[in-house]
Protein chains: 2
Amino acid sequence: MSWDPGFEAAFHPKAIAIVGASGSAAAAEQRGGHGGTMFVRTLKQLGYPGHIYPINPKGQDVLGCKAYPTISAVPEHVDLVIVSASARHVPAILEDAAKAGARNVHLYCSGFTESGGETGRQLDNKLKEIARREGLRVLGPNCMGLHVPAARMSTWDFMPAESGPVAFISQSGGHASFITRYGREFGIKFSKVVSYGNATVMDCTDFLEYFAHDPETRIIGQYIEGIKDGRKLTQMVREINRTKPVLVWKGGVTEAGARAISTHTGSLAGNKQVWEAFYKQTGAVRVSSADEVADMVITFLHMKPPQGRRVAIIGGGGGNTVSATDNCAREGLEVPVLTLETQKELSKFVPPAGTSVRNPLDMGIVLRDVDLFLRTMELVNADPTIDVVIVDIFLDLVKEAGEEKIDEMGRMMCELARRGKPMAATLYTFGGDPAIRAERAKLNKMLPEAGIPIYRSLPRAARAIAKFMDYHDFQRDLTKWEGIS
Amino acid sequence: MSWDPGFEAAFHPKAIAIVGASGSAAAAEQRGGHGGTMFVRTLKQLGYPGHIYPINPKGQDVLGCKAYPTISAVPEHVDLVIVSASARHVPAILEDAAKAGARNVHLYCSGFTESGGETGRQLDNKLKEIARREGLRVLGPNCMGLHVPAARMSTWDFMPAESGPVAFISQSGGHASFITRYGREFGIKFSKVVSYGNATVMDCTDFLEYFAHDPETRIIGQYIEGIKDGRKLTQMVREINRTKPVLVWKGGVTEAGARAISTHTGSLAGNKQVWEAFYKQTGAVRVSSADEVADMVITFLHMKPPQGRRVAIIGGGGGNTVSATDNCAREGLEVPVLTLETQKELSKFVPPAGTSVRNPLDMGIVLRDVDLFLRTMELVNADPTIDVVIVDIFLDLVKEAGEEKIDEMGRMMCELARRGKPMAATLYTFGGDPAIRAERAKLNKMLPEAGIPIYRSLPRAARAIAKFMDYHDFQRDLTKWEGIS
């Protein structure tokens, strides 16, 4: 892989030129309208610390930013150009950018290949030609561009949270913004998010290359509609995936979906078999919804790699634990019977009626008694047949024993997770008890920090853990194979 | 099916005897302990209007209710006996109930077949013998019993909401209580919920029989671990399902799950093939999680039966609509291209850039303009290639055009749903804007009432609508077949 340091400036620009931002557009902005002015407004709102240069023919200032008629008229080096203009003006704008020595261009505007017409195709060829000739890194067209919390820049009207270790590369601006916002509900923090649209010049492989080198990024998510160089993608993902897990969400996997992407980003979906082969060869983590993206990210962020697929399930309620077992088994996890020693020890303090100590552990009673819970957890954690411990907690039940018990139980789990086997949790409550909600909010922070991801449901937990194991098995096999060959 | 009117009294008891409720147990109650006293307390809290008779050897009053040493000592006819006592005392208690002429007995206590021992098996046989000899309707053992909002009775510490048209029959008390509480978040109201545990005497077929006749019940959900008379269940579900949709969640479908149920309700799970055949022969709606139960219930409650599987998807964002299309296609729904006429009409007011008018309809712009939204909805609704309209709304986008727009859009959808094709919606918002949350709360009420179920995600919507169609196709084929044969 080659590494292009000039691209770094796009993520931390000292100066941004925004083509198509004009004073007259300020009216549209009142009702949240799109366009160049929106970019100016959003950057200012987010406290972007660099210089903003609106570009419009009349040199009309926008929201207090001094405007210029062309990019080349801007009196300083421009690190990033954002273009919000009619597609037909784009070639001239690119020439202007090149003349100004600006190399990073984000084409927000649409109306190219994806519109299906001959004009769009011609414009496409034109912009490819200019980009090649002038060495421009063109992002888009038809995309939302860059979201970089550390640089306080974003296209979507959303204050970037703290910076974090997750990058998301998305051919869809909608998905990029959805994942960023939704991820926040799971405590996921992003290093950079890229919405790259039609991928006419720069494709996802270019961004992958960047993130492979980005020290801030530890996990990479992708939403792909089509790809130009499948072989390159396969090689890159296989390699990067070894050190930075790569999640790949392929859009247009069904016939109807493939048709839909042709009008979205104008991409060719590629056939199903090819993508199956891609996943097999790369070991990329396959995801197919925002839920799965969030679940896999929190798993990679927080959970220690388990030694195997044998899970213990600790919960209250026979039906719940039976269903949890079904969920785990369906996803390819094992729920083995605990050793007789462990069962014997558990039976010393767990009453036989209405409980089970074999695994799954149906023991509402221990959820009501923190000391019993700790003893149970210690025993299960020490059992040699178990690789991962899943705790399914109905918080209302814990609270029956006292509000402070939720916190106590949480601390206990954290302590155990730090020194013991990989753990996961699902927490639920009903009825909106504010005390329980407050305790849960604390757990939502405390548990992940100690290495315990919290999932929204048992089926989601089971699926995520199974995929996490698939990832580690793939890497283990790959290393073994290379040792032999 | 035979119909046993005496069973009705169990659901609307004038007098309940609670065996095992004692004054001394009141201490346990302080920390939310289980046992007979818990039942007394819960019934009183819920405002149960009938008479409560604690039964304990010393005749110790409980929470102001006069106690008696035996059921037969109670000075009025007892409609329901709830037993919270050691398993070994159960035979004597049943004899006492029979002597008192009480026919409905709920055995809350566990320690029977599910405990795996010889004592449990013997007690099981004993209680079967007494029940048969005395004609007792025994619910359980090892179960939570009855939750009847209209009668203000419930085992779980949860104020029954208004009564409604949904019954849930569950071999697991945990699932019964979970579904009741979780369902509430979807506006689901229950007629009766039955937790029946080991099914030693009364099995799910007995409750099915009751709900088939219950005028209050229109939809029946079931969670089954094992079944004694599979043939009877098949015949009953096939018949009842024609007029009252029957959802069946089978626990223990995996090997590990099957092992888990043996220690839960002591049931034999039955093999996978047999259950496959059950679904095929009955047309029962297959569900396998609380999420699916909720989703299917709201679909049956609110949506008109569509003529076919061809859906239109209206949303904002190319990626979102591509993924929505993938989701629908994956579940066996079609997302056909709209007629050229419809596309032509849509193109008159939908700008070509960044949108698609073919289907899926990627048009963030119409979500920002209620008039355009209405025109779009009318056109799509009138298109002959479409059976169901799914609207995927990012409320934050609508709000950009004004807070009142969310309400306007909602009213429009309701009006259209009432006179037009079946509709479904997914609504989302991020960042917790209180104005948007308030509007969404209104929509959550308004839309379902007009026939538009609201799903938590597009994948869930697609799955529910596909299963809904499976149900109607099955019924249509069944009717056709009977017309021929």
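The chains referred to below are lettered A, B, ... by the order of the sequence lines, with proteins before strands, and numbering in each begins at 1.
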Please check if the distance between the ring centroids of Phe178(B) and Phe394(A) is under 6.0 Å. no
With a 4.5 angstrom heavy-atom cut-off, which part of Arg330(B) approaches chain A: side chain, backbone, both or neither? both
To the nearest 0.5 Å, what is the distance between OG on Ser177(A) and CZ on Phe430(B)? 7.5 Å
Counting only heavy atoms closer than 4.5 Å, note whether Tyr428(B) contacts chain A via side chain, backbone, both or neither. side chain
Looking at chain B, which one of Ala260(A), Cys328(A), Pro360(A) has the largest number of heavy-atom pairs inside 4.5 Å, strictly under? Ala260(A)
Among Val335(B), Ile313(B), Asn327(B), residue most engaged with chain A (heavy-atom pairs, under 4.5 Å): Val335(B)
When rounded to the nearest 0.5 angstrom, what is the spacing between CD in Glu255(A) and OG1 in Thr325(B)? 12.5 Å
Donor-acceptor contact below 3.5 Å, side chain Asp326(B) vs main chain Gly251(A): no
Rounded distance [0.5 Å steps], OG1 in Thr254(B) versus CG in Leu333(A): 11.0 Å
More than 12 non-hydrogen atoms from neighbouring residues, nucleotides or ligands closer than 6.0 Å to CD on Gln343(A), yes or no? yes
I'd like to know which of Gly402(B), Ser323(B), Ala329(B) tops the heavy-atom pair count under 4.5 Å against chain A. Ser323(B)
Of the listed Ala87(A), Cys109(A), Ser172(A), Gly315(A), the one with the largest count of heavy-atom pairs under 4.5 Å with chain B is Ser172(A)
Could you grab the distance from atom CZ of Arg181(B) to atom OG1 of Thr429(A), nearest 0.5 Å is fine? 9.0 Å
Between Gly120(A), Gly319(A), Pro459(A), the one whose heavy-atom pairs under 4.5 Å with chain B are most numerous: Gly319(A)
OG/Ser289(A) to CG/Leu458(B) distance, rounded to the nearest 0.5 angstrom? 11.0 Å
What's the shortest heavy-atom distance between Asn320(B) and Gly174(A), and which atoms? OD1-C, 4.0 Å
Top residue by heavy-atom pair count (under 4.5 Å) with chain A, among Glu334(B), Arg259(B), Glu185(B)? Arg259(B)
